[in-house]
Amino acid sequence: MTIIDGKKIAADVRAEVAAGAAALRSSFRAPGLAVVLCGEDPASVSYVTAKERACAECGIVSFPVRFPADVPRETLLGEIARLDAAPEVDGILVQLPLPRDLDEREVLLAISPDKDVDGFHPVSAGRLATGFDGFVPCTPAGIVELLLRSGVDPAGKHAVVVGRSNIVGKPVAALLARKGRGGDATVTLCHSATPDLGRFTREADILVVAVGRPGTIGSGMVKPGAVVIDVGVNRVPDPSKKAGFRLVGDVDFDAVSPVASRITPVPGGVGPMTIAMLMANTLKAARLHAAAAKATAGGDS
Ligand code: GUN
């Protein structure tokens, strides 16, 4: 069994993004990412901090935007409209979940698809589903990169995805099923209403688990030699840790790792890839904006 080293692969991706960002800075300007956080949910604060740190490492300018949890809807939407119009901002990330009664859908719709580096806008989802180029959500894109860079080509394999969220399950199923690089798998999508989950997971050559519940997958649910991608990030109380908790995935790692051929750990598997792909999406947005600026300048002359 091989542990897939997400930290190392993510560092490779960030280094490639840094090289691309440096080249763009010399011909245009540095890529820019607005990072919007409402409230102080500890997990969200730690994700956002990690995203801003990755920007600095990649030569991407981050524009931190912080609001209290009780930010009025109009204030948040007004700020998104300002960022959407700002030429130095290539991408806008609004950390989810939003606090209290703020309407996530309304906020996601307020971001133009050409700055939607999270890939959560329905236009981005529609592009992915229909084979148009667009922004792919970062965690699913990171999962496919992890597979390819570990020597696992999904083509011709049976991939079973557990979880049907808009952020992970549905887009990763679409990516693995689409034509071409990183796709061409036969995909089964399981969810909370799937009876006898193990019947499906035991058929998987590649098993992707994204439900947010520890212990969802035990050893008897995995085919020997399968590749297991654990997307879960769950905090479980642990008095022996300084923070009082530790992170575990959705897969029972100790039980499943002897059965799998490859498996991602939690932490250090999918998590770092999500951030690396956000950097890659921001560079892509900046390149598109550079090309558009060049076309406009050319048209004016
Ligand atoms: N919350 C959990 N995952 C994500 C993500 O990929 N992007 C954003 N914006 N919020 C999240």
Side-chain angles (χ1 to χ4, degrees), residues 6 10 13-14 17 33-55 60 62-67 69 71 76-77 79-80 83-84 89-100 102-113 115-125 128 134-146 161 163-172 174-175 208-213 229-235 247 249-250 264 266-267 269-282 284-285:
V13 171
R14 290 198 305 275
V17 172
L33 176 67
V35 182
V36 182
L37 174 64
C38 303
E40 289 169 9
D41 170 67
S44 292
V45 169
S46 95
Y47 289 139
V48 158
T49 307
K51 289 170 184 179
E52 288 170 350
R53 205 179 303 132
C55 282
I60 292 172
S62 61
F63 301 94
V65 179
R66 299 287 184 271
F67 288 117
V71 57
L76 176 59
L77 290 174
E79 179 62 12
I80 290 173
L83 295 166
D84 211 53
V89 174
D90 296 299
I92 303 172
L93 172 130
V94 179
Q95 187 63 32
L96 302 178
L98 288 171
R100 52 178 186 99
L102 287 169
D103 182 348
E104 252 168 44
R105 290 182 180 214
E106 182 178 47
V107 170
L108 297 179
L109 283 172
I111 300 170
S112 291
K115 295 196 177 186
D116 179 34
V117 288
D118 248 336
F120 293 164
H121 194 289
V123 166
S124 301
L128 172 59
F135 292 107
V136 174
C138 304
T139 301
I143 290 168
V144 171
E145 272 315 303
L146 268 185
V161 177
R164 57 178 155 183
S165 70
N166 290 336
I167 293 184
V168 184
K170 278 189 272 188
V172 82
L175 269 181
V208 179
V209 190
V211 294
R213 191 163 36 93
I229 306 292
D230 189 352
V231 188
V233 184
N234 307 292
R235 289 182 173 202
L247 296 179
D250 293 343
T264 58
V266 177
V270 173
M273 288 304 290
T274 296
I275 298 182
M277 299 317 288
L278 175 67
M279 300 298 109
N281 275 353
T282 304
K284 173 176 173 163

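Just so you know, these numbers come straight off a predicted model, no measurement behind them. Throughout, residue positions are numbered sequentially from 1 according to the sequence presented. Counting starts at 1 for both ligands and their atoms, in listed order.
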Q: Indicate yes or no: at least one non-hydrogen side-chain atom of L37 is less than 4.5 angstrom from one of V35.
A: no
Provide, line by line, the atom pairs where ligand 1 and the protein bring an N/O atom each to a distance under 3.5 Å; else say none.
| residue | atom | partner | partner atom | Å |
| --- | --- | --- | --- | --- |
| ligand 1 | 1 (N) | Q95 | NE2 | 3.4 |
| ligand 1 | 1 (N) | L96 | O | 2.9 |
| ligand 1 | 7 (N) | D118 | OD1 | 3.2 |
| ligand 1 | 7 (N) | D118 | OD2 | 3.3 |
| ligand 1 | 9 (N) | V94 | O | 2.9 |
| ligand 1 | 9 (N) | D118 | OD2 | 2.6 |
| ligand 1 | 10 (N) | Q95 | NE2 | 3.4 |
| ligand 1 | 10 (N) | L96 | N | 3.0 |

Q: Count the heavy atoms of every other residue, nucleotide or ligand shown that sit under 6.0 Å from CZ of R100, and state whether that count exceeds 12.
A: yes
**Q.** D250 side chain vs V231 backbone, donor-acceptor pair below 3.5 Å
**A.** no
Q) In terms of heavy-atom contacts, does CD of E40 have more than 12 from other residues, nucleotides or ligands at under 6.0 Å? A) no
Q) Should we say atom CZ of R235 is surrounded by more than 12 heavy atoms from elsewhere, each under 6.0 Å from it? A) yes
Q.
Evaluate K284 against D90 for side-chain contact (heavy atoms from CB on, under 4.5 Å), listing each step before the verdict.
A. CA-CA 9 Å; K284 173 176 173 163; D90 296 299; over 6 Å; no
